[in-house]
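Because only heavy atoms are used, hydrogens play no part in the values below, and waters and symmetry mates are left out as well, while side chains stay in. In what follows, every chain begins at residue 1, and chains take the letters A, B, ... in the order their sequences are listed.
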Protein chains: 2
Amino acid sequence: MEPCCPPLNERPLTAEEAERTAAMFKALGDPVRLRLFSSVASHEGGEACVCDISDVGVSQPTVSHHLKKLKEAGLLSSERRGTWVYYRVEPTVLAAMGALLTKAASA
Amino acid sequence: MEPCCPPLNERPLTAEEAERTAAMFKALGDPVRLRLFSSVASHEGGEACVCDISDVGVSQPTVSHHLKKLKEAGLLSSERRGTWVYYRVEPTVLAAMGALLTKAASA
DNA sequence: TATCTATGTTGACACATGTCGAACCAGGCG
DNA sequence: CGCCTGGTTCGACATGTGTCAACATAGATA
């Protein structure tokens with residue numbers, strides 16, 4: 001899959017590229033979201049039920065709010081199976097972000 | 001150098017780990033900062049004078065403000081040489097962030 | 001010293017965002 | 001149907017953040 005944006009050291013990003021890329025980093029730029037994401041990512045098969053990960057010190061509506069943000073950023077996807085809702089990581093997006101940074105670091 | 005925090009899929013991050021890691025991602029979570037950072041990173045030798053990168057569509061004080069944030073996050077360092085101030089990327093921090101994501105993506 | 005240029009800092013403002021409680025939806029079960 | 005439990009959405013509030021104009025600072029140069 002085409003990466004969203006070029007490595008950070010290839011050339012100065014355009015305004016639009018910066019907008020798209022910043023949105024992804026922004027999603028991981030909150031401690032609560034990072035803990036939620038890490039909980040999902042470290043779960044069996046990169047997938048977890050909300051009920052398994054909601055003990056991060058904030059109310060349940062807040063958890064839901066953050067999960068939604070992560071989903072909008074493309075970092076997570078969700079699926080309802082019966083009573084519970086499962087969240088799953090999107091490895092391709094994660095890999096693209098990692099490459100953006102790693103390439104820029106090894107210049 | 002010891003990485004700040006474990007890969008995102010190794011185990012759920014603690015509150016403190018999440019706080020530290022989120023601060024770095026947050027710094028890159030703004031379009032203007034991302035363009036500034038990309039401008040520095042793509043410059044000759046990963047180093048650039050403020051005067052070379054300040055055409056990102058915001059006022060000069062705002063540029064200074066964002067460069068300060070990037071510096072506080074450990075992503076850039078600055079040095080005054082005569083009249084001009086030069087900003088330089090910190091590759092180790094960049095590499096650590098990249099590894100955090102890349103490892104989590106290849107699980 | 002005075003003065004000019006290149007950056008940084010301050011103060012103020014508008015807007016975005018994290019948080020919660022309350023209300024609401026979706027399934028399962030009696 | 002009624003009721004319970006898991007999750008989301010709504011409405012409101014406090015705090016955080018990006019932005020600019022105005023002011024302050026650091027070097028160079030005269």
Side-chain angles (χ1 to χ4, degrees), chain A residues 13 15-40 43 47-88, chain B residues 13 15-16 18-40 43 47-89:
Chain A
L13 261 48
E16 291 164 27
E17 287 170 340
E19 203 80 40
R20 283 199 303 265
T21 311
M24 302 191 302
F25 282 114
K26 195 179 197 173
L28 292 181
D30 179 272
V32 173
R33 278 198 292 272
L34 209 46
R35 291 186 75 187
L36 288 172
F37 186 85
S38 173
S39 292
V40 174
H43 231 256
E47 164 177 296
C49 165
V50 177
C51 55
D52 291 329
I53 60 173
S54 34
D55 48 348
V56 285
V58 294
S59 71
Q60 205 251 346
T62 302
V63 169
S64 190
H65 167 69
H66 284 305
L67 287 173
K68 186 178 183 180
K69 290 263 183 152
L70 286 168
K71 211 168 89 174
E72 287 169 354
L75 297 171
L76 291 179
S77 59
S78 71
E79 183 193 356
R80 170 161 227 134
R81 290 207 290 275
T83 305
W84 294 282
V85 177
Y86 292 84
Y87 280 81
R88 188 165 41 252
Chain B
L13 260 48
E16 291 164 27
E19 203 80 40
R20 284 199 303 264
T21 311
M24 302 190 303
F25 282 114
K26 196 177 195 175
L28 293 180
D30 178 273
V32 173
R33 279 198 293 271
L34 208 47
R35 291 185 76 187
L36 288 171
F37 185 85
S38 173
S39 293
V40 174
H43 232 258
E47 164 176 295
C49 165
V50 176
C51 56
D52 293 328
I53 59 172
S54 35
D55 49 347
V56 285
V58 294
S59 71
Q60 188 266 333
T62 302
V63 169
S64 188
H65 167 71
H66 283 306
L67 287 173
K68 186 180 183 180
K69 290 261 184 153
L70 286 167
K71 212 169 89 173
E72 287 170 352
L75 297 170
L76 291 180
S77 58
S78 71
E79 183 192 356
R80 169 160 230 136
R81 288 208 290 275
T83 305
W84 293 282
V85 177
Y86 293 83
Y87 281 81
R88 187 165 44 252
V89 304

ask   = Which listed nucleotide (D:dG18, C:dC20, D:dG6) is nearest to the side chain of B:K69?
value = D:dG18
ask   = Using a cut-off of 4.0 Å on non-hydrogen atoms, how would the nucleic acid contact of B:V32 be classed: base, sugar-phosphate, or nothing?
value = sugar-phosphate
inquiry  = So, does B:S59 get its side chain near the phosphate of D:dT19, meaning an N or O under 4.0 Å from OP1 or OP2?
reply    = no
task = Select base, sugar-phosphate, or nothing to describe what B:Y87 touches, counting heavy atoms under 4.0 Å on all strands.
result = sugar-phosphate
query = Across the strands shown, which category fits B:R81 at heavy-atom distances under 4.0 angstrom: base, sugar-phosphate, nothing?
reply = nothing
message = Of the options C:dA22, D:dC20, C:dA6, whose atoms approach the side-chain atoms of A:P61 most closely?
response = C:dA22
request  = Describe the nucleic acid contact of B:H65 in one word from base, sugar-phosphate, nothing, applying a heavy-atom distance below 4.0 Å.
outcome  = base
note = The residue among A:V85, A:T62, A:L76 that forms side chain to side chain contact (heavy atoms under 4.5 Å, CB included) with A:L67 is A:L76
request  = Pick base, sugar-phosphate or nothing for A:K26, based on heavy-atom distances below 4.0 Å to the nucleic acid.
outcome  = sugar-phosphate
task = Could you tell me whether A:T83 contacts a base, only the sugar-phosphate backbone, or nothing, with contacts defined as non-hydrogen atoms closer than 4.0 Å?
result = sugar-phosphate
query = Do B:S38 side-chain atoms and A:L13 backbone N/O form a donor-acceptor pair below 3.5 Å?
reply = yes
request  = Please report, rounded to the nearest Å, how far the P atom of D:dC20 is from the CD atom of B:Q60.
outcome  = 11 Å
